[in-house]
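Just below is one structure, and these are the notes that go with it.
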Number of protein chains: 2
Amino acid sequence: MSIQLTTAEVLGLWHNVHLALVHDDEPDLSARQISILLTVYLEAPPHTVRDLAARLAVSKPVITRALDTMGKMGLVSRRRDEKDRRNVLIQRTVDGALFVERLADTISVRARELRTDP
Amino acid sequence: MSIQLTTAEVLGLWHNVHLALVHDDEPDLSARQISILLTVYLEAPPHTVRDLAARLAVSKPVITRALDTMGKMGLVSRRRDEKDRRNVLIQRTVDGALFVERLADTISVRARELRTDP
DNA sequence: GCCAATCGTTACGGTACCGTATCAGATAAT
DNA sequence: ATTATCTGATACGGTACCGTAACGATTGGC
(Lines give C-alpha, C1' and ligand atoms only; values in the text may rest on other atoms or scores of the structure.)
Protein backbone atom coordinates (compact mmCIF):
# COMPACT_ATOMS: atom_id res chain seq x y z
CA MET A 1 0.00 0.00 0.00
CA SER A 2 1.22 3.51 -0.83
CA ILE A 3 0.39 7.01 0.33
CA GLN A 4 -1.73 8.93 -2.15
CA LEU A 5 -1.85 12.69 -1.78
CA THR A 6 -3.26 15.34 -4.09
CA THR A 7 -1.16 18.20 -5.44
CA ALA A 8 -2.87 20.63 -3.11
CA GLU A 9 -2.21 18.34 -0.17
CA VAL A 10 1.50 17.87 -0.77
CA LEU A 11 2.08 21.56 -1.44
CA GLY A 12 0.03 22.52 1.59
CA LEU A 13 2.05 20.13 3.70
CA TRP A 14 5.34 21.43 2.35
CA HIS A 15 4.21 25.01 2.88
CA ASN A 16 2.96 24.53 6.43
CA VAL A 17 5.98 22.56 7.59
CA HIS A 18 8.45 25.06 6.15
CA LEU A 19 6.56 27.93 7.73
CA ALA A 20 6.73 26.11 11.05
CA LEU A 21 10.47 25.44 10.63
CA VAL A 22 11.18 29.07 9.78
CA HIS A 23 8.96 30.23 12.59
CA ASP A 24 10.59 28.34 15.42
CA ASP A 25 13.99 29.14 16.84
CA GLU A 26 15.73 26.03 15.56
CA PRO A 27 18.49 26.69 13.05
CA ASP A 28 17.39 26.32 9.42
CA LEU A 29 19.28 23.41 7.91
CA SER A 30 19.88 23.40 4.17
CA ALA A 31 18.47 20.69 1.93
CA ARG A 32 21.91 19.08 1.83
CA GLN A 33 22.25 19.14 5.57
CA ILE A 34 18.80 17.62 6.04
CA SER A 35 19.67 14.90 3.55
CA ILE A 36 22.86 14.05 5.39
CA LEU A 37 21.24 14.15 8.81
CA LEU A 38 18.36 11.88 7.85
CA THR A 39 20.63 9.50 5.98
CA VAL A 40 22.70 9.09 9.13
CA TYR A 41 19.65 8.65 11.34
CA LEU A 42 17.47 6.52 9.08
CA GLU A 43 19.89 4.32 7.18
CA ALA A 44 22.08 1.58 8.57
CA PRO A 45 25.61 2.42 9.66
CA PRO A 46 28.46 2.67 9.01
CA HIS A 47 28.39 6.10 7.34
CA THR A 48 31.58 7.53 5.86
CA VAL A 49 32.23 10.84 4.14
CA ARG A 50 32.77 9.03 0.88
CA ASP A 51 29.51 7.10 1.16
CA LEU A 52 27.50 10.19 2.01
CA ALA A 53 29.05 12.11 -0.88
CA ALA A 54 28.08 9.30 -3.25
CA ARG A 55 24.58 9.01 -1.76
CA LEU A 56 23.91 12.71 -2.31
CA ALA A 57 25.94 12.95 -5.52
CA VAL A 58 27.97 15.86 -4.18
CA SER A 59 31.69 16.43 -3.61
CA LYS A 60 33.43 15.35 -0.43
CA PRO A 61 34.13 18.90 0.79
CA VAL A 62 30.38 19.47 0.84
CA ILE A 63 30.05 16.62 3.32
CA THR A 64 33.01 17.73 5.40
CA ARG A 65 31.64 21.25 5.70
CA ALA A 66 28.14 20.06 6.57
CA LEU A 67 29.57 17.74 9.22
CA ASP A 68 31.60 20.62 10.64
CA THR A 69 28.48 22.74 11.00
CA MET A 70 26.20 20.00 12.29
CA GLY A 71 28.96 18.81 14.59
CA LYS A 72 29.12 22.26 16.18
CA MET A 73 25.36 22.08 16.56
CA GLY A 74 25.74 18.73 18.27
CA LEU A 75 23.58 16.93 15.72
CA VAL A 76 26.25 14.40 14.65
CA SER A 77 29.73 13.34 15.71
CA ARG A 78 32.78 11.93 13.95
CA ARG A 79 35.18 9.18 14.89
CA ARG A 80 38.13 7.60 13.15
CA ASP A 81 37.61 4.09 11.91
CA GLU A 82 40.21 2.03 13.80
CA LYS A 83 40.01 -0.78 11.27
CA ASP A 84 40.95 1.57 8.42
CA ARG A 85 42.22 4.83 9.78
CA ARG A 86 41.61 6.64 6.50
CA ASN A 87 37.89 6.47 7.13
CA VAL A 88 35.80 8.68 9.36
CA LEU A 89 32.64 7.20 10.81
CA ILE A 90 29.72 9.56 11.26
CA GLN A 91 27.70 8.81 14.35
CA ARG A 92 24.40 9.82 15.87
CA THR A 93 24.09 11.91 19.01
CA VAL A 94 21.40 12.30 21.62
CA ASP A 95 20.78 15.89 20.56
CA GLY A 96 20.60 14.82 16.93
CA ALA A 97 18.05 12.14 17.72
CA LEU A 98 15.95 14.69 19.58
CA PHE A 99 16.21 17.10 16.66
CA VAL A 100 15.01 14.44 14.22
CA GLU A 101 12.21 13.53 16.61
CA ARG A 102 11.06 17.13 16.80
CA LEU A 103 11.19 17.37 13.01
CA ALA A 104 8.98 14.31 12.74
CA ASP A 105 6.56 15.82 15.22
CA THR A 106 6.37 19.06 13.27
CA ILE A 107 5.66 17.25 10.02
CA SER A 108 3.08 14.97 11.64
CA VAL A 109 1.24 17.86 13.23
CA ARG A 110 1.08 19.76 9.96
CA ALA A 111 -0.05 16.65 8.13
CA ARG A 112 -2.90 16.21 10.60
CA GLU A 113 -3.88 19.86 10.17
CA LEU A 114 -4.00 19.61 6.42
CA ARG A 115 -7.72 19.15 6.00
CA THR A 116 -9.01 20.21 9.37
CA ASP A 117 -7.43 23.69 9.24
CA PRO A 118 -7.29 24.75 5.61
CA MET B 1 -10.72 14.06 7.81
CA SER B 2 -7.00 14.43 8.39
CA ILE B 3 -3.85 12.75 7.12
CA GLN B 4 -2.33 10.33 9.61
CA LEU B 5 1.27 9.33 9.06
CA THR B 6 3.62 7.42 11.34
CA THR B 7 6.96 8.82 12.46
CA ALA B 8 8.79 6.49 10.11
CA GLU B 9 6.58 7.57 7.23
CA VAL B 10 7.02 11.31 7.67
CA LEU B 11 10.78 11.00 8.15
CA GLY B 12 11.06 8.67 5.18
CA LEU B 13 9.11 11.12 3.09
CA TRP B 14 11.23 14.06 4.20
CA HIS B 15 14.40 12.10 3.58
CA ASN B 16 13.45 10.87 0.13
CA VAL B 17 12.19 14.22 -1.10
CA HIS B 18 15.28 16.07 0.10
CA LEU B 19 17.54 13.49 -1.49
CA ALA B 20 15.64 13.98 -4.74
CA LEU B 21 15.91 17.78 -4.47
CA VAL B 22 19.63 17.63 -3.80
CA HIS B 23 20.11 15.11 -6.55
CA ASP B 24 18.51 17.03 -9.39
CA ASP B 25 20.05 20.08 -10.98
CA GLU B 26 17.52 22.57 -9.67
CA PRO B 27 18.93 25.17 -7.30
CA ASP B 28 18.46 24.32 -3.63
CA LEU B 29 16.13 26.90 -2.11
CA SER B 30 16.43 27.63 1.60
CA ALA B 31 13.57 27.01 4.00
CA ARG B 32 12.82 30.71 3.99
CA GLN B 33 12.79 30.89 0.23
CA ILE B 34 10.48 27.87 -0.01
CA SER B 35 8.17 29.46 2.54
CA ILE B 36 8.00 32.69 0.57
CA LEU B 37 7.55 30.96 -2.76
CA LEU B 38 4.72 28.74 -1.57
CA THR B 39 3.04 31.59 0.27
CA VAL B 40 2.98 33.57 -2.97
CA TYR B 41 1.73 30.63 -5.01
CA LEU B 42 -0.74 29.11 -2.56
CA GLU B 43 -2.22 32.05 -0.71
CA ALA B 44 -4.43 34.78 -2.10
CA PRO B 45 -2.83 37.97 -3.39
CA PRO B 46 -1.89 40.72 -2.91
CA HIS B 47 1.49 39.89 -1.36
CA THR B 48 3.69 42.71 -0.09
CA VAL B 49 7.15 42.62 1.47
CA ARG B 50 5.69 43.68 4.78
CA ASP B 51 3.01 40.97 4.71
CA LEU B 52 5.51 38.24 3.85
CA ALA B 53 7.87 39.42 6.59
CA ALA B 54 5.04 39.22 9.11
CA ARG B 55 3.86 35.84 7.79
CA LEU B 56 7.32 34.33 8.25
CA ALA B 57 8.18 36.37 11.35
CA VAL B 58 11.42 37.61 9.80
CA SER B 59 12.80 41.05 9.02
CA LYS B 60 12.01 42.88 5.79
CA PRO B 61 15.58 42.67 4.41
CA VAL B 62 15.25 38.90 4.52
CA ILE B 63 12.28 39.15 2.18
CA THR B 64 13.98 41.67 -0.10
CA ARG B 65 17.05 39.47 -0.46
CA ALA B 66 15.00 36.34 -1.09
CA LEU B 67 12.97 38.17 -3.72
CA ASP B 68 16.19 39.40 -5.35
CA THR B 69 17.49 35.84 -5.63
CA MET B 70 14.24 34.24 -6.69
CA GLY B 71 13.62 37.12 -9.09
CA LYS B 72 16.93 36.38 -10.82
CA MET B 73 15.86 32.74 -10.99
CA GLY B 74 12.60 33.87 -12.61
CA LEU B 75 10.47 32.30 -9.89
CA VAL B 76 8.70 35.53 -8.85
CA SER B 77 8.44 39.11 -10.07
CA ARG B 78 7.88 42.48 -8.41
CA ARG B 79 5.73 45.44 -9.38
CA ARG B 80 5.01 48.77 -7.73
CA ASP B 81 1.51 49.14 -6.36
CA GLU B 82 0.05 52.09 -8.28
CA LYS B 83 -2.62 52.67 -5.64
CA ASP B 84 0.03 53.13 -2.93
CA ARG B 85 3.43 53.55 -4.48
CA ARG B 86 5.18 52.65 -1.25
CA ASN B 87 4.10 49.04 -1.67
CA VAL B 88 5.65 46.39 -3.86
CA LEU B 89 3.40 43.61 -5.09
CA ILE B 90 4.98 40.20 -5.46
CA GLN B 91 3.63 38.28 -8.42
CA ARG B 92 3.76 34.79 -9.80
CA THR B 93 5.56 33.86 -13.00
CA VAL B 94 5.18 31.05 -15.49
CA ASP B 95 8.58 29.63 -14.52
CA GLY B 96 7.67 29.83 -10.85
CA ALA B 97 4.42 27.99 -11.42
CA LEU B 98 6.31 25.26 -13.26
CA PHE B 99 8.84 25.04 -10.45
CA VAL B 100 6.10 24.63 -7.85
CA GLU B 101 4.45 22.03 -10.06
CA ARG B 102 7.66 20.02 -10.32
CA LEU B 103 8.11 20.26 -6.56
CA ALA B 104 4.62 18.86 -6.05
CA ASP B 105 5.39 16.05 -8.47
CA THR B 106 8.59 15.18 -6.63
CA ILE B 107 6.82 15.05 -3.29
CA SER B 108 3.93 13.02 -4.68
CA VAL B 109 6.22 10.48 -6.29
CA ARG B 110 8.21 9.99 -3.09
CA ALA B 111 5.00 9.72 -1.08
CA ARG B 112 3.79 6.96 -3.36
CA GLU B 113 7.12 5.16 -3.06
CA LEU B 114 7.05 5.26 0.72
CA ARG B 115 5.79 1.77 1.37
CA THR B 116 6.31 0.12 -1.99
CA ASP B 117 10.06 0.87 -2.17
CA PRO B 118 11.39 0.95 1.38
C1' DG C 1 2.61 73.40 3.86
C1' DC C 2 4.91 70.49 7.18
C1' DC C 3 6.02 66.85 10.02
C1' DA C 4 5.45 62.04 11.36
C1' DA C 5 4.66 57.42 9.95
C1' DT C 6 5.13 53.70 6.69
C1' DC C 7 6.92 51.44 2.65
C1' DG C 8 10.84 48.73 0.53
C1' DT C 9 15.73 49.02 -0.19
C1' DT C 10 20.53 49.58 0.70
C1' DA C 11 24.86 49.65 3.58
C1' DC C 12 27.76 47.37 6.76
C1' DG C 13 30.61 43.85 8.94
C1' DG C 14 30.46 39.07 9.73
C1' DT C 15 29.53 34.16 8.77
C1' DA C 16 28.64 30.14 5.91
C1' DC C 17 28.54 27.86 1.78
C1' DC C 18 29.99 27.03 -3.08
C1' DG C 19 33.30 24.42 -6.65
C1' DT C 20 37.90 23.33 -7.68
C1' DA C 21 42.39 22.15 -6.58
C1' DT C 22 45.52 20.49 -3.41
C1' DC C 23 46.98 18.41 0.74
C1' DA C 24 48.76 14.92 4.46
C1' DG C 25 47.89 10.43 6.27
C1' DA C 26 46.85 5.49 5.78
C1' DT C 27 46.62 1.47 3.07
C1' DA C 28 47.56 -1.57 -0.95
C1' DA C 29 50.40 -3.13 -4.66
C1' DT C 30 54.70 -4.28 -6.58
C1' DA D 1 60.88 -0.42 0.40
C1' DT D 2 58.93 2.38 -2.85
C1' DT D 3 55.19 3.71 -5.41
C1' DA D 4 50.34 4.17 -6.30
C1' DT D 5 45.82 4.58 -4.54
C1' DC D 6 42.45 5.86 -1.42
C1' DT D 7 40.70 8.52 2.58
C1' DG D 8 39.02 12.98 4.60
C1' DA D 9 40.49 17.67 5.32
C1' DT D 10 42.11 22.13 3.89
C1' DA D 11 43.10 26.41 0.88
C1' DC D 12 41.37 29.56 -2.28
C1' DG D 13 38.50 33.12 -4.44
C1' DG D 14 33.80 34.05 -5.03
C1' DT D 15 28.86 34.37 -3.82
C1' DA D 16 24.91 34.56 -0.77
C1' DC D 17 22.91 35.15 3.45
C1' DC D 18 22.65 36.98 8.25
C1' DG D 19 21.09 40.94 11.74
C1' DT D 20 21.16 45.72 12.58
C1' DA D 21 20.97 50.34 11.21
C1' DA D 22 20.23 53.83 8.19
C1' DC D 23 18.16 55.48 3.89
C1' DG D 24 15.07 57.76 0.14
C1' DA D 25 10.39 57.69 -1.43
C1' DT D 26 5.56 57.98 -0.54
C1' DT D 27 1.54 58.78 2.15
C1' DG D 28 -1.42 60.53 5.89
C1' DG D 29 -2.38 63.75 9.83
C1' DC D 30 -2.63 68.29 11.38
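Throughout, a chain's letter reflects where its sequence line sits, starting with A, and its residues are numbered from 1.
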Hey, which sits more toward the 5' end of DNA chain C by its nearest nucleotide, A/Arg85 or B/Asp84?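 Final value for this comparison: B/Asp84.
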Check whether any side-chain heavy atom of A/Asp51 sits under 4.5 Å from a side-chain heavy atom of A/His47, and report yes or no.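 The answer is no, as the side chains (C-beta and beyond) never meet within the 4.5 Å cut-off.
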For DNA chain D, which residues in residues 32-41 of chain A have a heavy atom at a distance below 4.0 Å?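 Output list: empty, so none.
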Evaluate whether atom CZ of A/Arg92 has more than 12 neighbouring non-hydrogen atoms of other residues, nucleotides or ligands under 6.0 angstrom away.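 It does: A/Arg92 CZ has more than 12 such atoms within range.
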Quick one: [X] [atom1] to [N] [atom2], roughly how many Å, whole number?
X: A/Lys83; N: D/dT7; atom1: NZ; atom2: P; answer: 16 Å
X: A/Leu89; N: D/dT7; atom1: CG; atom2: P; answer: 13 Å
X: A/Lys72; N: C/dT15; atom1: NZ; atom2: P; answer: 10 Å

Once you apply a heavy-atom cut-off of 4.0 Å, does A/Ser30 come out as touching a base, just sugar-phosphate, or nothing?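 Here A/Ser30 touches no strand at all.
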List the residues meeting side chain to side chain donor-acceptor pair (under 3.5 Å) with B/Asp68, not counting sequence neighbours, and say none if there are none.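 Partners of B/Asp68 by the side chain to side chain donor-acceptor pair (under 3.5 Å) criterion, ordered by chain and then number, come out as B/Arg78.
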Salt-bridge contact A/Asp84-A/Arg86 (side-chain N to carboxylate O under 4.0 Å):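 Salt bridge between A/Asp84 and A/Arg86, a charged N being under 4.0 Å from a carboxylate O: yes.
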Using a 3.5 Å distance criterion without hydrogens, assess whether the side chain of B/Arg80 forms a donor-acceptor pair with backbone atoms of B/Arg85.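 Here the side-chain-to-backbone pair exists.
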May I ask you to verify if any side-chain N or O of B/Ser59 is less than 4.0 angstrom from the OP1 or OP2 atom of D/dC18?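 No, B/Ser59 has no side-chain N/O under 4.0 Å of OP1/OP2 on D/dC18.
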Before giving the answer on side chain to side chain contact (heavy atoms under 4.5 Å, CB included), spell out for B/Glu9 and B/Thr6 the whole-Å C-alpha distance, their side-chain angles and the decisive distance to 0.1 Å. CA-CA 5 Å; B/Glu9 285 168 348; B/Thr6 69; 3.2 Å; yes
If every non-hydrogen atom of B/Asp28 is compared with every non-hydrogen atom of B/Gln33, which pair is closest and at what distance?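 Smallest interatomic distance, heavy atoms only, reads O-OE1, 4.4 Å.
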Whether the B/His15 and A/Ser35 side chains hold a donor-acceptor pair (N or O, under 3.5 Å, no angle test) is what I'd like checked.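 Absent: no donor and acceptor within the cut-off.
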Check the interface with nucleotides 8-12 of chain D: list each N/O to N/O pair with the protein under 3.5 Å, or write none.
from: D/dG8; atom 1: OP1; to: A/Val49; atom 2: N; distance (Å): 3.1
from: D/dG8; atom 1: OP1; to: A/Arg50; atom 2: N; distance (Å): 3.4
from: D/dG8; atom 1: OP2; to: A/Arg50; atom 2: N; distance (Å): 2.9
from: D/dG8; atom 1: N7; to: A/Lys60; atom 2: NZ; distance (Å): 2.5
from: D/dA9; atom 1: OP1; to: A/Arg78; atom 2: NH1; distance (Å): 2.9
from: D/dA9; atom 1: OP2; to: A/Thr64; atom 2: OG1; distance (Å): 2.8
from: D/dA9; atom 1: OP2; to: A/Arg78; atom 2: NH1; distance (Å): 3.3

